[in-house]
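Chain identifiers are assigned alphabetically (A, B, ...) following the order of the sequence lines, protein sequences preceding nucleic acid strands; residue numbering begins at 1 within each chain.
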Amino acid sequence: MIATPDRTPLTREFFDRPVLEVAPDLLGRVLVRTTPDGPIELRLTEVEAYDGENDPGSHAYRGRTARNEVMYGPPGHVYVYFTYGMWHCMNLVCGPEGRASAVLLRAGEVIVGAELARKRRVSARNDKELAKGPARLTMALGVDRALDGADACAAPDSPFATLTGTPVAPDQVRSGPRTGVAGDGGIHPWRYWIGNDPTVSPYRAHTPRRRRT
DNA sequence: ACACGGATTTTCT
DNA sequence: GAAAATCCGTGTC
């Protein structure tokens, strides 16, 4: 059973902390995506931290570019990028300011608006797969680059908001190497998920792809 | 349940 | 020109 989420939006101060502190604290929180057809709400079950210019896995590793601009901006905003020629992934920017750190939203449980999410996730075999993976998550929520830079500390009826929700108990938080990250080498255990949750995506190591002929 | 390869185009080197 | 914070269908165990 899902407890009724606390409807209070997360504050700028919540995100204005080191990303390794914010990331596990996001588990169990609720996202609200308001669309013309109605709201979709997602309870976060899996996230990953990316920590600025000193993190080889981060988009900010080689400094500021047009794409990662939002990562350098104020905390509490949404960073959306396009990848593999087909997919979008979304992050929440964290403090401290100028650090270019963010949390990738990897998976969650749809608790409101599953019928809307199913229309965008035709290949999902069941509702547990609606947002089981970072690109599936953005598909389920109808998020693309139009939301890049959007405020995540807004009211629940804005296009996108993060709600306080019910934070998961600390003893349910698991952590391990990030998924599919080149050069990470499994050194940073910066992937966080809720133990035994059926909506968490499977771990995959980074696999370099064969050169096109 | 798990492994493999193709898809597709933006972004940066 | 090469790689990319992935997904999906297909094949095997």
Side-chain angles (χ1 to χ4, degrees), chain A residues 19-20 22-24 26-27 31 42 44-73 77-94 99-108 110 117-149 152 174-193 196-213:
Chain A
V19 67
L20 295 185
V22 175
L26 281 169
L27 296 176
L31 309 183
L42 186 82
L44 291 177
T45 58
E46 181 191 357
V47 299
E48 276 176 4
Y50 289 85
D51 194 12
E53 299 188 338
N54 294 319
D55 175 3
S58 171
H59 285 172
Y61 183 53
R62 290 176 174 81
R64 200 167 193 136
T65 67
R67 179 177 66 166
N68 65 28
E69 184 70 27
V70 172
M71 293 183 81
Y72 287 82
H77 288 253
V78 181
Y79 165 50
V80 182
Y81 67 89
F82 184 71
T83 192
Y84 288 103
M86 284 170 280
W87 317 110
H88 296 277
C89 294
M90 70 182 301
N91 299 251
L92 298 174
V93 176
C94 294
R99 178 88 174 211
S101 60
V103 178
L104 171 69
L105 308 183
R106 289 198 54 89
V110 176
R118 286 185 205 112
K119 292 180 185 172
R120 302 193 182 88
R121 291 279 300 117
V122 181
S123 64
R125 296 186 303 172
N126 57 64
D127 284 2
K128 294 182 179 71
E129 292 185 350
L130 287 175
K132 191 179 198 156
R136 290 170 169 180
L137 183 150
T138 60
M139 280 187 268
L141 295 179
V143 166
D144 61 19
R145 277 169 294 185
L147 263 82
D148 190 34
R174 305 286 179 272
S175 70
R178 295 177 294 187
T179 298
V181 176
D184 187 33
I187 290 172
H188 298 306
W190 290 352
R191 173 176 179 245
Y192 302 91
W193 68 95
N196 297 316
D197 189 289
T199 66
V200 173
S201 71
Y203 172 77
R204 285 190 246 287
H206 175 72
T207 53
R209 301 187 311 117
R210 212 183 36 168
R211 207 160 31 85
R212 176 178 160 271
T213 56

What integer distance in Å separates Arg62(A):CZ from dA4(C):C1'?
-> 12 Å

Indicate yes or no: does Arg178(A) engage Asp55(A) in a salt bridge with an N to O separation below 4.0 Å.
-> yes

Measure the distance from CZ on Arg67(A) to P on dC12(B) and round it to the nearest whole Å.
-> 5 Å

Ring centroid separation His59(A) to Tyr81(A) under 6.0 Å | yes

Considering Watson-Crick and G-U wobble pairs with both distances under 3.5 Å, what does dC8(C) pair with?
-> dG5(B)

Could you check whether Phe82(A) gets within reach of a base, just the sugar-phosphate, or nothing at all, counting any heavy atom under 4.0 Å?
-> sugar-phosphate

Do other residues, nucleotides or ligands put more than 12 heavy atoms under 6.0 Å from Arg62(A) CZ?
-> no

Base of dT6(C) and ring of Tyr84(A) stacked, centres under 5.5 Å, planes under 30° | yes

Grab the CE-P distance between Met71(A) and dC12(B) for me, whole Å please.
-> 12 Å

Determine the contact category for Gly180(A): base if any of its heavy atoms lies under 4.0 Å from a base atom, sugar-phosphate if only primed atoms, P, OP1 or OP2 are that close, otherwise nothing.
-> sugar-phosphate

dA5(C) base to Tyr81(A) side chain: any donor-acceptor pair below 3.5 Å?
-> yes

What nucleic acid atoms does Arg121(A) come within less than 4.0 Å of, heavy atoms only: base, sugar-phosphate, or nothing?
-> sugar-phosphate

With a 4.0 Å cut-off on heavy atoms, is Arg145(A) in touch with a base, just the backbone sugar-phosphate, or nothing at all?
-> sugar-phosphate

Check whether the side chains of Ser201(A) and Glu46(A) place a donor and an acceptor atom closer than 3.5 Å, and report yes or no.
-> yes

Does the base of dA5(C) carry an N or O that pairs as donor and acceptor with the side chain of His59(A) under 3.5 Å?
-> yes

Over how many whole Å does the gap from Arg204(A) atom CZ to dC8(C) atom C1' extend?
-> 10 Å

Atom-pair distance (CE on Met86(A); C1' on dT10(B)), nearest Å = 12 Å

